[in-house]
2 protein chains.
Amino acid sequence: MTDIYKLYPKDRITLREVGLRDGLQMVTQYPSTAGKQEWMKQEYASGIRHFELGSYLPKDRYPMFADIDDLTATIDALPGAHAAALVPNLRGAKNGFASGVAELQCVVSASEAHNEANLNCSQETTLRQIGDIVAQRDAMENGPIIGVGLAMSFGCSISGHVAPKSVLDLAEKCYAMGIDIVSIADTVGYAGPHQVAHLTTEMQRLAGDKHFGVHLHDTRGMGLANAAAAMGQGARVLDASLGGLGGCPAALNATGNIVMEDLVFLCETSGFETGVDLEALISVRRILDREMPQEPLYGSLAKAGLPKAYPYSAEPQNT
Amino acid sequence: MTDIYKLYPKDRITLREVGLRDGLQMVTQYPSTAGKQEWMKQEYASGIRHFELGSYLPKDRYPMFADIDDLTATIDALPGAHAAALVPNLRGAKNGFASGVAELQCVVSASEAHNEANLNCSQETTLRQIGDIVAQRDAMENGPIIGVGLAMSFGCSISGHVAPKSVLDLAEKCYAMGIDIVSIADTVGYAGPHQVAHLTTEMQRLAGDKHFGVHLHDTRGMGLANAAAAMGQGARVLDASLGGLGGCPAALNATGNIVMEDLVFLCETSGFETGVDLEALISVRRILDREMPQEPLYGSLAKAGLPKAYPYSAEPQNT
């Protein structure tokens, strides 16, 4: 199995580009395979190493993910790049295992009502399926990393409040069944930084040596404040998408994923080195503009430009 | 003199609406006096109590501020409401004293180059003028509170890096000459939360029992993360504008002030009670849309709506 400590080093921030999956989940217009490949290659060149490529879903209903195996091959050819893909069910896992993708992402919702609505079964059934996927992986000689995203970890658009304890119980079950990385997800952008700091602290305690991630949406403008709160409490794996591509499943026309460019700026100004060339990253937006001219792109840094004298590290801040 | 501890209670957050001044600083289209009055009254009804009304500038060149005395009278008629106005120079202060406005705001830049460019004189000259204004106020029987905003406290679009020490030295001089409240301002939106937390901690230490404020812009998407960082380190007075009205003087088309609605949401989800009815606050945006149809309004909460089961306090978060 891939060495997870090498892919997700504990002593630095890992930024995962999820625009190719979460960003394209609800669009009607999507980039060509060549466009996606150019996007990934240029974002890789700017310094990003982790890419979620798509989801193993029926190609006729989800044509935006039909080229997932081509994209996996593209990432595999880039030294140090890491591909992940969403598996919505056992069939998806079978495709994932066959593709040789380095990481499979499963989903269970922290809200029973949302799990029923989204996956058409109970949390218990979903957990059992995830257990089966882990068992299949364990029987392989060189199986992928398996992650789980806990949707609605900060509140649910169907049932409202989600108790942190129910999130932590699910996370504990996932780790116990052999999941390598568990991510808490603010699927509909309900959280504020206080709540994020609290749950991150608990996740950090629960995870111990294991890995956890934080998947934030900017639906209510708290995305970067929440990211800062998460990093402040030990989160080292964060998801984002270039230009904030993607919407919110529960609020039409609202923003979705936090903006990768702004997140990199947050990290760099917070003393977390990302290795990302921000100017180069911003310029990758041109590919999205060209390939998906009707999709709005978000992000303040791309509009305002970098501050004068950035990076600040050239001049000491604390004098 | 007005009791500043009553106007700016140390044990809760004070949110200052600066859209009527900072928000209108660079516009060509601005609300009618009646529109401004309706805006203030409705925002007051939603729970906001502090309003910066304009600037004492020549009426022919700054017609958007020509009605400042009318607006002062409107605020004075609202129980518990507090009016502040910018005074760019000694003549402005004279008008301010005559108007009876409760608080005058002076400005000095933390960057010498920007002070020269903005105020056409050295920091030393500006400080001397501020000292004169304080002396005039002290000679009055019931003079206004006097505040100072330290522009470019987190970096300057002309000279780049601004040393925290130079900001703190200026703040110390201001307090020493009798200034009641000193605000650190991220005029061009250069700061990240790490930098804001650091300078806020130092300001808190320097201010002691005195008051300080934090004026943030969202130019590079860090506005709310910075607000969270400031509040986390003891800041209790924050500026914002409805719909994020206002631009950035150094980046055309970029966003300016942090969005009041989103800031209220940040406060409430962080355990800082604001007393603001968020739905009512959001509905005030209609007045701006009507009065200034060409001005873009920002803010995520107004687009996405409040989360289900908000306010969360109805259900305990930590279970």
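Source: prediction; values computed, not measured. We name chains A, B, ... by the order of the sequence lines, and we start the count at 1 in each one.
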For this session: Count the heavy-atom pairs under 4.5 Å between each of B:A228, B:A302, B:S270 and chain A, then report the option with the highest count.
Result: B:S270
For this session: Identify the two heavy atoms, one from A:D218 and one from B:S300, that lie closest to each other, and give their separation to 0.1 Å.
Result: O-OG, 3.8 Å
Problem set entry | Test log, rule side chain to side chain contact (heavy atoms under 4.5 Å, CB included), inputs B:M222 and A:D262 | CA-CA 8 Å; B:M222 301 298 117; A:D262 293 358; 4.1 Å; yes
Seminar exercise, completed: Smallest heavy-atom separation, A:P193 atom then B:T269 atom, equals CD-OG1, 4.4 Å
Problem set entry | Heavy atoms of other groups near A:R286 CZ, more than 12 under 6.0 Å | no
Exercise. Is chain A contacted by the side chain of B:T219, its backbone, both, or neither, given a heavy-atom distance below 4.5 Å?
Worked result: both
Problem set entry | Residue B:L306 versus chain A: region with a heavy atom under 4.5 Å | backbone
Seminar exercise, completed: Between A:R220 and B:L301 the two heavy atoms that sit nearest each other are CG-CD1, 3.3 Å
Problem set entry | Side-chain donor/acceptor of B:Y190 to backbone N/O of A:K308, under 3.5 Å | yes
For this session: Side chain from CB out, backbone as N, CA, C, O: work out which of these in B:I158 comes under 4.5 Å of a heavy atom of chain A, or both, or neither.
Result: backbone
Problem set entry | Heavy-atom neighbours of B:Q29 CD exceed 12 at 6.0 Å | yes
